[in-house]
Amino acid sequence: MKGAKDYLIFPLDVPTYEEAVRYIELLKEHVGLFKVGLELFVSVGPKILRAIRETGGAGIFLDLKFHDIPATVKNAFLAASAHGVTYTTVHCDEGKGLLRSVVENNPSGTKVLAVTVLTSLEGNDLKELGYLDRYVNDITELVMLRARMAKEAGCSGVVCSGLEVEKVKAELGKDFLVVTPGIRPAWSLVGKDDQKRIITPHQAIKRGADYIVVGRPIRAAEKPIEATERVLGEIEMAITE
Ligand code: C5P
């Protein structure tokens with residue numbers, strides 16, 4: 001059965017191997033998966049994935065947000081999945097055909113999560129990019145369009161903000177996974193930062209998130225393990241209520 005820690009993804013948003021390993025050692029008993037993003041992967045390469053695998057417990061979320069011609073993405077995905085990665089991310093922009101070909105050519109069973117619309121984009125950006133008014137005026141419409149596309153293509157789920165979780169779950173079903181970043185516990189010490197569409201761990205799980213990504217509230221805490229335990233307490237409360 002899924003316990004509280006299995007809902008928690010900690011992003012290793014640090015520039016060096018040594019710092020990443022320090023967090024892996026510190027938090028390996030407290031989180032379900034470690035997320036490796038572009039910065040760390042470009043800096044240190046696959047050896048960081050080995051370090052996570054060696055914990056023997058935590059899963060790997062390789063968040064490289066692939067976006068290129070189908071042949072390149074397919075081969076990059078195969079290379080990623082050969083490292084024992086549990087989840088990886090692919091942009092929706094290349095269309096359903098690409099998503100489907102990635103999902104179908106998957107000997108290692110790595111799950112594909114689709115990136116719908118980056119949370120850094122606003123209506124005006126979409127307008128500049130030539131999107132229809134209905135999406136410029138309501139980005140959720142575009143998120144839903146792409147989430148439907150991802151499901152039809154056979155993806156395991158999507159990454160989306162806490163404000164969209166309920167909608168995705170209600171329409172696409174409880175088995176279609178939702179990973180939610182932008183989590184800020186009410187007690188978090190993180191001041192004003194770049195996350196805008198935020199909710200608490202408790203709210204996110206209540207709304208149906210399968211995983212929450214919590215980075216800075218843990219990294220910025222004086223005592224990261226205690227902060228992690230508080231997050232786990234909120235998750236526990238949400239799943240047992
Ligand atoms: O909790 P914190 O804001 O530090 O988490 C940041 C992490 O969440 C980063 O690794 C970032 O890539 C990820 N993320 C995000 N917004 C998205 C998708 C992922 O902040 N829409």
Side-chain angles (χ1 to χ4, degrees), residues 7-16 19-20 23-24 26-27 30-44 48-49 52 58-67 80 85-93 112-123 125-126 139-140 142-144 146-147 150 155-165 167-168 177-205 207 209-221 224 227-228 230-232 234-235:
Y7 287 81
L8 185 56
I9 300 176
F10 181 75
L12 293 166
D13 292 331
V14 292
T16 66
E19 277 179 87
Y23 278 112
I24 292 169
L26 194 67
L27 298 174
H30 296 79
V31 307
L33 297 112
F34 288 103
K35 183 164 94 70
V36 175
L38 279 169
E39 180 190 10
L40 184 62
F41 197 70
V42 170
S43 302
V44 310
I48 193 60
L49 307 181
I52 300 172
I60 304 172
F61 185 130
L62 185 59
D63 186 20
L64 300 183
K65 297 188 173 70
F66 294 130
H67 182 194
V85 168
T86 312
Y87 294 106
T88 191
T89 46
V90 179
H91 272 284
C92 287
D93 299 67
V112 180
L113 299 173
V115 179
T116 52
V117 182
L118 291 177
T119 45
S120 51
L121 290 173
E122 291 179 335
D125 303 306
L126 296 186
I139 292 185
T140 304
L142 186 57
V143 171
M144 290 308 298
R146 290 182 169 181
C155 293
S156 298
V158 289
V159 182
C160 72
S161 93
L163 307 182
E164 291 132 17
V165 179
K167 210 164 179 179
V168 172
L177 300 174
V178 173
V179 176
T180 303
I183 302 293
R184 291 292 176 265
W187 45 265
S188 171
L189 289 177
V190 183
K192 207 167 154 35
D193 61 33
D194 59 354
Q195 292 283 20
K196 297 197 180 74
R197 308 173 75 202
I198 56 175
I199 61 171
T200 68
H202 183 264
Q203 286 168 331
I205 303 299
R207 289 178 191 191
D210 298 282
Y211 296 100
I212 56 174
V213 179
V214 186
R216 280 165 288 184
I218 291 174
R219 280 207 315 281
T228 310
R230 287 182 84 172
V231 172
L232 292 175
E234 283 192 43
I235 296 172

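Remember, it's 1-based here, ligands and their atoms both numbered in the order they're listed.
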Enumerate the atoms of ligand 1 whose separation from the nearest heavy atom of P11 is less than 4.0 angstrom. 10 (O)
Decide whether the shortest distance between a heavy atom of L118 and an atom of ligand 1 is less than 4.0 Å. no
Give me the one residue out of T16, D63, I48 that meets side-chain contact (heavy atoms from CB on, under 4.5 Å) with L40. I48
Determine whether the aromatic ring centres of F61 and Y211 lie less than 6.0 Å apart. no
Atom indices of ligand 1 within 4.0 angstrom of R216 heavy atoms, with elements: 1 (O), 2 (P), 3 (O), 4 (O)
Taking all heavy atoms of A20 and all of L12, pick out the closest pair and write down the distance. O-CD2, 3.8 Å
Atom of H30, atom of L8 and distance for their closest heavy-atom approach: O-CD2, 3.9 Å
I'd like to check which ligand 1 atoms, numbered from 1 as shown, lie under 4.0 Å from a non-hydrogen atom of P217. 1 (O)
A side-chain contact here means heavy atoms from C-beta on lying under 4.5 Å apart; do R216 and R184 qualify? yes
Quick check: does P181 get an N/O under 3.5 Å from an N/O on ligand 1? no
Return the minimal non-hydrogen interatomic distance between A114 and C92, and the atom names on each side. CB-SG, 3.7 Å
R184 to ligand 1: N or O pair under 3.5 Å? yes
I need the contact type for S120 against ligand 1. Using non-hydrogen atoms and a strict under-4.0 Å cut-off, is it side chain, backbone, both or neither? neither
